[in-house]
Q: 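Just dropping this structure here.
In what follows, residues are counted from 1 in the order of the sequence shown.
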Amino acid sequence: MACLAAAFCLTVRYAHLQLRVVPAFVPIYASLIVVNGLITTALLLAQFWVVRRTWLLVLGSGYLFTALMAVPGVLAFPGVFSPTGLLGGMQSAAWIGASYQFGSPVILIVAVLVRDLPGTPGLVQRTPGLAIALSIALVAATACGLTWAILTYEEVLPRLFVNGVQQSRNIVLVVVPIMALEAAAFVLLWRRGRSVLDLWLMVMCVAWLLERSLSGPLAGARYSFGWYAGHVFQMAAIFVILLLLLSETTTLYANMARASMQRRGARQTRQIAMDAMAASIGHEIRQPLTALRANANAGLRQAGKAEPDMTEVRAIFSDIDAEGRRIGEIIDGVRIMFGESTHDRRSLNLNTVVRDVLSMVQLEALLHHVVVKTSLENDLPPCLADSGQLHQVFLNLITNAIEAMAGVAGRPHVLTVTSRSLAGSSEIAVTVEDTGAGIADKDGCRIFEPFFSTKAAGSGVGLTICQVIIKAHGGRLEARANQPHGTVFCVILPAGSDE
């Protein structure tokens with residue numbers, strides 16, 4: 001903004017200086033506006049497709065409107081393709097330019113206001129492609145209708161230029177409302193802005209204001225120094241946002257690639273660790289089980305004798321008891337591994353844990369086009385728990401929910417996470433709901449069994465470990481069918497603190 005202001009101060013004193021008429025400047029300028037406007041529109045609509053934010057759709061429509069209106073504007077400009085322009089009369093180009101200069105800040109203001117609305121329309125959430133198509137059609141129809149109206153009723157509109165010289169009074173009546181809207185957009189972004197894009201949109205508003213001043217009342221006529229400089233400011237306004245979006249897109253793709261590689265590596269490492277643990281547990285338990293079976297067979301043989309050797313029988317039962325204790329020790333060791341002790345437990349807010357996990361899986365949710373909805377109770381009581389273990393539980397449940405929706409077509413992919421205090425008890429419930437394929441009725445009672453999995457590459461110990469962790473915290477993990485589709489997992493933990 002400081003650089004733009006400095007450039008304005010250097011050029012304003014020469015604004016009335018009449019320069020050489022270069023008709024080719026107009027189509028070059030219009031081509032840049034159209035190309036950059038369309039690229040910026042594509043980038044904004046691509047972001048909308050991913051994050052489903054309505055204000056990005058409105059903002060992209062504004063850039064599309066500017067690009068489309070630049071085409072009839074250059075065709076109607078006198079002296080470029082014909083002395084009076086290919087469309088309309090001598091005033092058509094000026095009024096077409098004024099129309100999209102008026103519409104651009106209006107659309108920007110609408111975009112910022114739409115962003116602050118509490119909800120997003122269902123069309124935008126469920127069918128972004130249809131929303132984009134309807135938006136493009138509406139903008140194209142508006143641009144065509146506005147151009148037709150200007151060309152048809154040009155004679156009744158006030159004259160803005162006569163022989164290339166501005167009619168000061170009429171110019172001021174047009175430019176002042178436009179600048180007021182641009183200033184309003186700047187103030188709105190200043191007060192409600194919360195992203196890097198908002199900052200550069202404010203820079204664009206400043207460039208707009210300076211451009212209107214230079215090419216409007218200060219220029220005095222077409223092809224003056226101020227007129228040329230004003231159009232350069234207009235191109236700077238569009239280039240600023242385009243360069244930002246290209247930079248952010250490049251950074252986003254780089255971060256996505258790194259995050260995807262890291263997450264794939266972490267998942268493979270976790271899968272290997274879980275498989276190794278499952279194999280280790282199976283190996284450790286198989287030996288005492290084999291001994292139990294051997295002793296049981298020996299006991300059966302003794303029982304089949306007319307006079308069994310009681311000394312041998314007692315030895316057999318002693319061995320069975322020892323192997324049973326060994327199995328119990330193995331199971332206790334697994335439970336201790338997942339937090340039977342409470343020395344690492346602290347008072348924490350489950351909402352914080354849930355938000356941290358959702359931020360971790362945000363990229364995966366975007367890649368699978370999953371819409372994440374949360375309803376977290378504000379005054380949730382604290383819970384005495386191990387933060388790392390609960391992170392693992394919710395990460396497992398939420399990742400499973402996203403993967404369950406990955407192969408489902410024909411309906412929205414919605415992940416809903418809620419938290420609430422249970423009425424009439426000192427317990428907290430956190431639910432993770434998906435709209436995936438769900439769990440078959442025959443598998444509903446087995447999903448928490450060790451080594452049982454509905455996924456081809458699953459180890460079958462993830463939900464078992466989650467259940468062990470929640471039970472160790474004095475809670476319970478429940479699963480039920482979601483209506484009309486999907487599964488609901490409910491984590492119930494006792495409220496409490498370490499005070």
Q: Between Arg420 and Asp379, is there a side-chain N and carboxylate O pair less than 4.0 Å apart?
A: no
Q: Looking at every heavy atom in both Ala98 and Ile178, which two are closest together, and how far apart are they?
A: O-CD1, 3.9 Å
Q: Looking only at atom types and distance, does a side-chain atom of Arg411 sit under 3.5 Å from a main-chain N or O of Gly436, one as donor and one as acceptor?
A: yes
Q: Test side chain to side chain contact (heavy atoms under 4.5 Å, CB included) on Trp49 and Leu45; report intermediate values, then the result.
A: CA-CA 6 Å; Trp49 180 279; Leu45 294 182; over 6 Å; no
Q: Please check: side-chain N/O of Thr435 versus main-chain N/O of Val414, any donor-acceptor pairing under 3.5 Å?
A: yes
Q: Would you give me the side-chain donor-acceptor pairs under 3.5 Å for residues 484-493, sequence neighbours excluded?
A:
none

Q: Taking His413 for its side chain and Val408 for its backbone only, find out whether a donor-acceptor pair lies under 3.5 Å.
A: yes
Q: Is a donor from one side chain sitting under 3.5 angstrom from an acceptor on the other, for Ser419 and Glu377?
A: no
Q: Heavy atoms only: give me the nearest Arg20-Tyr228 pair and the separation to one decimal.
A: O-OH, 2.8 Å
Q: Indicate the ring-plane relationship of Trp227 and Phe77, choosing parallel, tilted or perpendicular according to the 30° and 60° boundaries.
A: tilted
Q: Within the structure provided, determine whether Ile150 and Ser99 are in side-chain contact (heavy-atom separation under 4.5 Å).
A: yes
Q: Locate the shortest heavy-atom distance separating Pro23 from Val80; write the atom from each residue and the value.
A: O-CG2, 4.0 Å
Q: Dump the intermediate steps for side-chain hydrogen bond (donor to acceptor under 3.5 Å, both in side chains) on Ser92 and Glu154, then the final yes or no.
A: CA-CA 6 Å; Ser92 299; Glu154 177 191 359; 3.0 Å; yes
Q: Looking at CD of Glu182 and CG of Leu210, how far apart are the two atoms once the value is rounded to the nearest 0.5 Å?
A: 9.5 Å
Q: Counting only heavy atoms from other residues, nucleotides and ligands, does the tally under 6.0 Å from CZ of Phe25 exceed 12?
A: yes
Q: Looking only at non-hydrogen atoms, find the nearest pair between Ile96 and Pro72 and report the distance.
A: CD1-O, 3.8 Å
Q: Between Ser135 (side chain only) and Ala131 (backbone N and O only), is there a donor and an acceptor less than 3.5 Å apart?
A: no
Q: With a 4.5 Å limit on heavy-atom distance, are the side chains of Leu188 and Ile109 in contact?
A: yes
Q: Counting C-beta onward and ignoring hydrogens, is there a side-chain heavy-atom pair between Val357 and His391 closer than 4.5 Å?
A: yes
Q: Any chance you could measure Leu59, atom CG, to Leu44, atom CG, to the nearest 0.5 Å?
A: 5.0 Å
Q: Report yes if some heavy atom in the side chain of Thr40 is under 4.5 Å from a heavy atom in the side chain of Phe239; otherwise report no.
A: no
Q: Apply the test side chain to side chain contact (heavy atoms under 4.5 Å, CB included) to residues Gln18 and Tyr223: give CA-CA distance (whole Å), side-chain angles for both, the deciding distance (0.1 Å), then the verdict.
A: CA-CA 7 Å; Gln18 196 65 30; Tyr223 300 107; 3.9 Å; yes
Q: Donor-acceptor pair, distance only, cut-off 3.5 Å: does the side chain of Ser104 make one with the backbone of Gln101?
A: no
Q: Could you state the interatomic distance from CG (Leu380) to CG (Asn351), rounded to the nearest 0.5 Å?
A: 5.0 Å
Q: Looking only at non-hydrogen atoms, find the nearest pair between Trp95 and Pro158 and report the distance.
A: NE1-O, 2.9 Å
Q: Should we say atom CZ of Phe102 is surrounded by more than 12 heavy atoms from elsewhere, each under 6.0 Å from it?
A: no
Q: Roughly how far, to the nearest 0.5 Å, is CG of Leu209 from CE of Met204?
A: 10.5 Å
Q: How about Leu17 and Ser224: do any of their side-chain heavy atoms sit closer than 4.5 Å?
A: no
Q: With heavy-atom distances below 4.5 Å as the criterion, would you say the side chains of Val393 and Leu477 are in contact?
A: no
Q: Walk me through whether Leu358 and Val417 qualify under side chain to side chain contact (heavy atoms under 4.5 Å, CB included).
A: CA-CA 9 Å; Leu358 288 176; Val417 183; 4.2 Å; yes
Q: Using a 3.5 Å distance criterion without hydrogens, assess whether the side chain of Thr66 forms a donor-acceptor pair with backbone atoms of Gly62.
A: yes
Q: Just by modelled atom types, is the Cys383 backbone N or O under 3.5 Å from a matching donor or acceptor in the Ser347 side chain?
A: no
Q: If you measure from CE on Met235 to CD1 on Ile28, what distance do you get to the nearest 0.5 Å?
A: 9.0 Å
Q: Considering non-hydrogen atoms only, spot the tightest contact between Met69 and Leu146 and give its length.
A: CE-CD2, 4.0 Å
Q: Could you walk me through whether Arg212 and Phe233 pass the side chain to side chain contact (heavy atoms under 4.5 Å, CB included) test, one step at a time?
A: CA-CA 9 Å; Arg212 304 296 176 259; Phe233 274 93; over 6 Å; no
Q: So how far is it from His368 NE2 to Glu403 CD, rounded to the nearest 0.5 Å?
A: 7.0 Å
Q: For a 4.5 angstrom cut-off between non-hydrogen side-chain atoms, does Thr84 reach Pro78?
A: no
Q: In the structure I gave you, are the side-chain heavy atoms of Thr418 and Val430 within less than 4.5 Å of one another anywhere?
A: no
Q: Spell out, as yes or no, whether a donor-acceptor pair under 3.5 Å connects the side chain of Thr399 to the backbone of Asn396.
A: no
